[in-house]
Amino acid sequence: MLRYLLRRVLYAVPVLLGVSLATFILFYGIFPPEQIARRNLSAKNPTSQQIQEWLVAHDYNHPLPQQFKKHMTELMLLRFGRSDSTGEEIWTRIKTGAGPSTIIAGLVFTASLATRLFFALWSAYFRATYVDTWITLVSVFLMSVVYIVLVIAGQYLMGKVLRLFPLAGYQSGWTAFRFAVLPVIIGVISGLGGGTRLFRTFMLEEMNQDYVRTARAKGVPESRILFVHVLKNAAIPIITSTVLAIPALMLGSLVLESFFGIPGLGSYTVDAINAQDFAVVRAMVFLGTLLYIAGAILTDVCYALADPRIRLE
């Protein structure tokens with residue numbers, strides 16, 4: 001196990017280099033340092049001297065190879081530096097935004113997994129009945145609705161008409177729950193249709209296996225077959241589709257946090273892109289890559305825990 005994990009970590013190094021290089025080339029190709037300097041300088045028409053001074057102050061005055069070397073060295077050491085637009089320490093902002101993003105992401109992840117499994121199990125248990133038909137129809141409907149429509153409809157219905165939750169904003173402490181409920185509900189509903197259909201497919205595939213027919217022949221109740229044997233053997237594909245979604249959740253939802261004014265990592269990334277803040281963008285891309293690699297390794301470890309027949313050697 002240890003040798004396998006070490007090998008996966010070593011494989012991650014070229015992936016990090018490749019993603020960082022692609023980010024570096026794309027950002028420098030779209031937003032040259034001079035353009036970033038003009039955008040962040042307070043002067044309406046900055047002079048060449050002012051631009052050069054800004055480039056020197058933010059270490060953008062080096063040749064591209066040297067710039068990339070410095071760029072990778074700082075990222076590998078997790079030294080993200082300061083924001084190009086605000087001058088704020090990036091690590092400080094990440095620590096501040098990690099709290100709201102983690103709360104929202106944790107609630108969305110837990111509630112989504114529970115509701116998807118619930119409806120998928122019911123649909124598989126009552127397959128070819130009106131229950132299965134209605135769950136399928138609602139799932140397809142939810143898959144067809146655009147995410148933005150769910151956000152706007154949720155804000156209008158539950159925030160403006162019924163006044164159950166605040167329309168937007170966020171407060172720390174125990175009051176954070178009031179501001180988190182509506183984004184969590186919308187986050188759960190947005191992925192409920194596709195997740196239910198996917199999990200239902202996993203269940204039905206297992207229900208056609210030989211061990212299920214053998215259990216039925218021995219008189220094992222259908223509920224025990226589904227909720228014990230089938231669910232356990234369907235854990236592998238469920239883990240694959242679930243664990244790999246954790247990194248994206250931890251980085252925050254770009255749309256959800258922006259619409260609800262939540263000061264998380266998702267809205268922080270959107271603001272950095274709009275401000276052409278390369279320092280923040282490269283830090284968030286690198287952090288996201290690390291989380292995805294960690295998620296992939298965690299998925300393989302969960303395979304071995306869910307099915308002892310799998311050996312990570």
Side-chain angles (χ1 to χ4, degrees), residues 1-5 7-8 11 105-145 147 150 184-250 292-313:
M1 173 73 77
L2 183 60
R3 184 173 60 184
Y4 171 81
L5 294 177
R7 190 165 63 245
R8 290 300 301 268
Y11 287 160
L107 293 173
V108 169
F109 176 78
T110 305
S112 295
L113 181 59
T115 52
R116 291 175 188 180
L117 281 175
F118 174 80
F119 287 111
L121 286 169
W122 270 81
S123 182
Y125 185 74
F126 294 104
R127 60 192 178 281
T129 65
Y130 73 94
V131 175
D132 184 24
T133 302
W134 274 104
I135 290 178
T136 301
L137 286 174
V138 173
S139 298
V140 173
F141 172 76
L142 291 176
M143 293 169 63
S144 305
V145 178
Y147 187 65
L150 291 175
V184 168
I185 291 175
I186 294 175
V188 171
I189 293 176
S190 65
L192 184 59
T196 300
R197 295 287 295 164
L198 183 65
F199 287 3
R200 176 183 178 275
T201 302
F202 296 154
M203 304 297 178
L204 293 180
E205 285 181 357
E206 289 297 326
M207 293 180 73
N208 293 323
Q209 299 297 323
D210 292 337
Y211 73 89
V212 174
R213 288 191 286 269
T214 302
R216 289 194 182 114
K218 290 183 177 181
V220 179
E222 190 72 17
S223 58
R224 180 176 176 80
I225 292 175
L226 180 63
F227 293 99
V228 178
H229 302 289
V230 171
L231 182 58
K232 182 178 179 180
N233 285 278
I236 295 298
I238 290 175
I239 288 173
T240 303
S241 60
T242 301
V243 177
L244 287 177
I246 295 177
L249 291 173
M250 292 181 67
Y292 269 105
I293 292 171
I297 296 175
L298 180 61
T299 301
D300 293 334
V301 174
C302 290
Y303 284 167
L305 296 176
D307 190 347
R309 295 171 295 180
I310 298 177
R311 292 292 179 263
L312 303 181
E313 295 293 343

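No hydrogens, no waters, no symmetry mates; every other heavy atom, side chains included, goes into these values.
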For Leu142, give me all partners under side-chain contact (heavy atoms from CB on, under 4.5 Å), at least two apart in sequence or on another chain.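 Partners of Leu142 by the side-chain contact (heavy atoms from CB on, under 4.5 Å) criterion, ordered by chain and then number, come out as Val138, Ile189, Leu192.
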In chain order, what residues pass the side-chain contact (heavy atoms from CB on, under 4.5 Å) check against Tyr147, with sequence neighbours excluded?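 side-chain contact (heavy atoms from CB on, under 4.5 Å) check on Tyr147 returns Val151, Ser190, Ser253, Val255, Leu256.
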Please find the pair of heavy atoms, one from [X] and one from [Y], that lie closest to each other, and give the distance.
| X | Y | answer |
| --- | --- | --- |
| Asn233 | His229 | ND2-O, 2.7 Å |
| Val188 | Ala111 | CG2-CB, 3.6 Å |
| Gly187 | Ser112 | O-OG, 4.3 Å |

Interatomic spacing from [atom1] in [X] to [atom2] in [Y] - rounded to 0.5 Å:
| X | Y | atom1 | atom2 | value |
| --- | --- | --- | --- | --- |
| Met143 | Leu198 | CE | CG | 9.0 Å |
| Arg116 | Ser139 | CZ | OG | 10.5 Å |
| Thr196 | Met203 | OG1 | CE | 10.5 Å |
| Met207 | Tyr125 | CE | OH | 9.5 Å |

Sole residue of Val184, Ile186, Ile185 in side-chain contact (heavy atoms from CB on, under 4.5 Å) with Val108: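 So the option named by the test is Val184.
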Partners meeting salt bridge (Lys or Arg N to Asp or Glu O under 4.0 Å) with Arg213 (sequence neighbours left out):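 Testing Arg213 for salt bridge (Lys or Arg N to Asp or Glu O under 4.0 Å), a comparison that skips the adjacent residues, returns Asp210.
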Once salt bridge (Lys or Arg N to Asp or Glu O under 4.0 Å) is applied, do any residues pair with Glu222, and if so which ones, sequence neighbours excluded?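 Glu222: salt bridge (Lys or Arg N to Asp or Glu O under 4.0 Å) contacts with Arg127, Arg216.
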Does the pair Leu226 and Leu231 meet the rule for a side chain to side chain contact (heavy atoms under 4.5 Å, CB included), with working shown? CA-CA 6 Å; Leu226 180 63; Leu231 182 58; over 6 Å; no
Using the ring pair (Phe, Tyr, Trp, His ring centres under 6.0 Å) rule, collect all pairs that involve residues 188-224, keeping only residues at least two apart or in two chains.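 Matches after skipping sequence neighbours: none remain.
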Return each pair, listed once, that meets salt bridge (Lys or Arg N to Asp or Glu O under 4.0 Å) where at least one residue sits in residues 130-145; pairs must be two or more places apart or across chains.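 Passing the test, one end in residues 130-145: Asp132-Arg200.
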